[in-house]
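Notes for the one structure printed next.
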Amino acid sequence: MFVYAMLKGTRLGVLDGITSEDAAISYESLLKTFVRVDSDGLVSLDDCCEVAGLGGRDNRSGDYDYYINCPVRSNDPKGIGPLVWASLEYERR
């Protein structure tokens, strides 16, 4: 989501101190670090947070320990959506 915000924000000219090139480098680093393509050409986004949010103390504490120990998985919609948005912004450059 941060990379998407950087790409869109630089395109709209609303971010001071971050250039379009900075945003592009961040996007490329995101791909290099978290996106993999298997031998069949299937693209996956790895290391997504499986759960997140503040559902009240009975469901989620919302403290540091909760967030740092959340399970991770590939291709969670909370990661795929922002990746698609970031990709669209990157292609608009």
Side-chain angles (χ1 to χ4, degrees):
M1 186 60 81
F2 289 109
V3 173
Y4 164 67
M6 288 173 64
L7 287 161
K8 185 167 184 176
T10 55
R11 177 175 60 83
L12 297 176
V14 297
L15 297 178
D16 291 332
I18 299 175
T19 67
S20 177
E21 186 60 28
D22 294 332
I25 290 169
S26 295
Y27 175 77
E28 292 159 4
S29 294
L30 170 70
L31 295 184
K32 182 178 178 184
T33 304
F34 295 105
V35 175
R36 87 182 137 78
V37 181
D38 72 13
S39 59
D40 294 326
L42 181 64
V43 178
S44 290
L45 176 64
D46 293 334
D47 296 328
C48 298
C49 178
E50 185 176 299
V51 295
L54 298 173
R57 292 212 179 267
D58 294 336
N59 299 318
R60 301 176 180 111
S61 67
D63 62 10
Y64 176 79
D65 188 60
Y66 165 75
Y67 283 103
I68 201 68
N69 291 302
C70 281
V72 295
R73 69 179 193 160
S74 295
N75 302 322
D76 189 87
K78 293 180 298 298
I80 293 294
L83 176 63
V84 169
W85 294 340
S87 298
L88 292 170
E89 286 294 332
Y90 183 83
E91 291 299 319
R92 287 184 77 167
R93 297 177 65 243

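- Under the 4.5 Å side-chain heavy-atom criterion for Ile, Leu, Val, Met, Phe, Trp and Tyr, V14 and L88 are members of distinct hydrophobic clusters.
- Between R92 and L7, every side-chain heavy-atom pair lies at or beyond the 4.5 Å cut-off.
- Scanning all heavy atoms of the two residues, the minimum distance from D76 to C48 falls at CB-CB, 3.6 Å.
- Between the OG atom in S87 and the CG atom in L30 there is a gap of 8.0 Å [rounded to 0.5 Å].
- The side-chain heavy atoms of L83 and L31, taken from C-beta on, include a pair separated by under 4.5 Å.
- Taking both residues in full, the closest heavy atoms of A24 and Y90 are given as CB-CE1, 3.8 Å, listed atom of the first, atom of the second, then distance.
- Counting all heavy atoms, side chain and backbone alike, S74 lies closest to D46 at OG-OD1, 2.6 Å.
- For the atom pair OG1 (T10) and CG (L15), the distance works out to 6.5 Å, reported to the nearest 0.5 Å.
- Placement of V3 and V35 within a single hydrophobic cluster is found when ILVMFWY residues are connected by side-chain heavy-atom separations under 4.5 Å, directly or transitively.
- By the 4.5 Å heavy-atom criterion applied to side chains, M6 and Y27 are not counted as neighbours.
- Remark: side-chain polar atoms of D40 are not paired, donor with acceptor, to backbone N or O of L42 under 3.5 angstrom.
- Minimum heavy-atom separation, K78 to E50: NZ-O, 3.1 Å.
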Quiz prompt | Intermediate values then yes/no, side chain to side chain contact (heavy atoms under 4.5 Å, CB included), K8 and W85 | solution = CA-CA 9 Å; K8 185 167 184 176; W85 294 340; over 6 Å; no

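- Once rounded to the nearest 0.5 Å, the distance linking CD1 of I68 with SG of C49 reads 10.0 Å.
- By the rule that hydrophobic residues join a cluster once side-chain heavy atoms approach within less than 4.5 Å of another member, V84 and L45 end up as members of one cluster.
- Between the CG atom in D22 and the OG1 atom in T19 there is a gap of 3.0 Å [rounded to 0.5 Å].
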